[in-house]
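Remarks on the structure that follows.
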Amino acid sequence: MKLNYKRVILVGFAFFLISAFWQAYDTIVPKILTDKFGLAQVWSGAIMALDNIFALFLLPLFGSLSDKINSKHGRRTPFIVIGAIVAAVLLVTLAVPDSIQRNRLADVTATEGEAYTEALETIWDANPKVTKWDTVDAKKYPLQELITREDFTSIPFTVEEDGEQVTNPDYSEIVVPARQSYAAQVTAQSGAPLVIFMILLFLALVAMGSFRSPAVALMPDVTIKPLRSKANAVINLMGTAGGILVLLLGTVLGTGKAKNALMNYTLFFAIVAGIMMIGLAVFIWKVREKKWAEEMQEETLRLGLEENGEDVKKSDAEARKLTRGEKISLFLILASVVFWFMGYNAVTSKYSVYASTVLDVDYNTTLLIAQAAAIAAYLPVGILSSKLGRKKMILGGVVILGVAFFSASFLSADSPTLVKGVLMPILFAMAGIGWATINVNSYPMVVELAKGSNVGKYTGFYYTASMSAQVITPVLSGALMDVNTRTLFPYAALFVALAFVTMFFVRHGDAKPDAKQVALDAAGGGDD
């Protein structure tokens, strides 16, 4: 059985630009909300969940709409082109209210020299209602009841540890919350920048929601069923490449450094938008959706891969209905999707904050390692899945992901630098491999139950499940982190464990190699 890798890579440029946007969104937007606008983690989490709330309605809607469209460019391409252009433009405009708010916080942006001391004086004079747990009676008190002005204004930004200068834990635990409280007071005086930011963010999220399902549905549109796990591995590889480019950009520009918490993100957003447009240009230039979809349908009919060969030409109403067992499996698969996204998205949406406040490490480096491990895993996972089956591979990936998150919960800023420097990258590499194993197989298991005419509809089911989880988990994990920041990884490990339970009972949606294997092996796959 041969996969046309060139064709799938070209289709994957749609997912490439989508992932570039979401990587920027997941890492930078929560930092803007907490560092510059001073929002609590729970409110930041609620805003981070907005895209998923919109997606609950937009993804099934646009997935079904694209099933019904029949333009000269195909069913999915018009949505991808228009949505991507609008989203990229709006991403750049987010820098406007961000810059306005940064200018209002100019007095507290310094991290060294005499200006740093003046910044601490400004923060103190604002009388921030920053709280910290009192170890004696477990009650919360304002910052001023815990330390004196002299103590506060003498907290250095960096300290020496193991012969190198590192961010002072007292800066992360005391000064940063105090500065965020100051930012909250500035926002309360005039909320216009936040309102503008939220309006632009709302429009950008609607634009992304308009083409995400069509973009993902394009892969099964042009790929026969037995090859979809391999194809999905390539698609996810392309998406990871988009995410890695954004993380590399963040490393170069220093977005993960504590001293740059109040930096100007105009250049960052502009370059990310440029990356998106380059991906879209390649997609428009090379992808021939209508031609490739027709070839896939002809190949499906020729090889007899549908229970009823005419299903690929039937409407949703006419296609064969799912059996009771298939419906139960679909429900369990979607439940599993909810649970592992509850765990995984909690980490991805909050790790940029967690890394600086709990671990005192640069989040870009750690996330890059996870992405690199995922890239290395995608193709081998796709190949193994066609041999061992999708369900077994998913269960293995869930175990790897759960172990990584559970183990990470034991590390903190107090852990030896060498331990953090070695163990955390290993754990995130494990998480990347585990997530790749899950991702390659979960979506194909859902669309395995679909017919040719309603792949967009089932894509909507998949994303409704994943987005439902991502609506809840940033808010829930944020509320827990407001009580104790270190709850993030235990929380994530718990939900990943629940996903193992539901996936264990799935009985349908796996790849089904059979006697037709010889014929399929002889089927095409050459480059165009």
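The structure displayed is predicted, hence computed values, not measured ones. Because only heavy atoms are used, hydrogens play no part in the values below, and waters and symmetry mates are left out as well, while side chains stay in. Residues take their numbers from the sequence shown, with the count starting at 1.
In this structure a side-chain-to-backbone donor-acceptor pair under 3.5 Å is present from K391 to F504. Not one N or O on the side chain of N264 forms a donor-acceptor pair closer than 3.5 Å with the backbone of S99. No side-chain donor-acceptor contact under 3.5 Å links R104 to the backbone of K36. Between the side chain of N168 and the backbone N or O of V159, no donor-acceptor pair lies under 3.5 Å.
Residues A84 and L17 approach most closely at CB-CD1, 3.7 Å, considering heavy atoms. The two residues A346 and L488 make their nearest non-hydrogen contact at O-CD1, 3.4 Å. Listed here is the closest heavy atom pair of N260 and G254: ND2-O, 2.9 Å. Scanning both residues, A431 and F405, for their nearest heavy atoms gives CB-CE2, 4.2 Å. Closest heavy-atom contact between S385 and M393: OG-CG, 3.5 Å. Shown here for A215 and A14, the closest heavy-atom pair between the two residues is CB-CB, 4.0 Å.
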For a side chain to side chain donor-acceptor pair (under 3.5 Å) check, start with the C-alpha distance between Y171 and R179, then their side-chain angles and the critical distance, and finish with the verdict.
CA-CA 10 Å; Y171 176 86; R179 190 186 64 209; 2.8 Å; yes
Before giving the answer on side chain to side chain donor-acceptor pair (under 3.5 Å), spell out for Y378 and T240 the whole-Å C-alpha distance, their side-chain angles and the decisive distance to 0.1 Å.
CA-CA 10 Å; Y378 278 130; T240 302; 3.1 Å; yes
W340 and I394: side-chain contact (heavy atoms from CB on, under 4.5 Å), yes or no, with the steps?
CA-CA 11 Å; W340 61 54; I394 287 178; 3.6 Å; yes
side-chain contact (heavy atoms from CB on, under 4.5 Å), that's the test. Do L330 and H508 meet it? Break it down for me.
CA-CA 8 Å; L330 178 61; H508 298 273; over 6 Å; no
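Using a 30° and 60° split on the angle between ring planes, F410 and F406 fall in the perpendicular class, above 60°. Between F152 and W124, the ring-plane angle classifies as tilted under the 30° and 60° cut-offs. Taking the six-membered ring for Trp and thresholds of 30 and 60 degrees, F341 and Y462 have ring planes more than 60 degrees apart, a perpendicular arrangement.
For the atom pair CZ (F489) and OG (S407), the distance works out to 10.5 Å, reported to the nearest 0.5 Å. Taking CZ of F505 as the start and OG of S336 as the end, the distance is 11.0 Å to the nearest 0.5 Å. Expressed to the nearest 0.5 Å, how far OG1 of T473 lies from CG of L480 amounts to 9.0 Å. Note that CG of L61 and CZ of F54 are 14.0 Å apart. Values are rounded to the nearest 0.5 Å. One finds the NZ atom of K259 at 13.5 Å from the CG atom of L262 (value rounded to the nearest 0.5 Å). The line from CZ of F269 to CD1 of I271 is 12.0 Å long, rounded to the nearest 0.5 Å.
Between W435 and Y344, the distance from one ring center to the other falls under 6.0 angstrom.
A cation-pi geometry, defined here as NZ or CZ lying under 6.0 Å from the six-membered ring centre and within 45° of its normal, does not hold between K31 and Y265.
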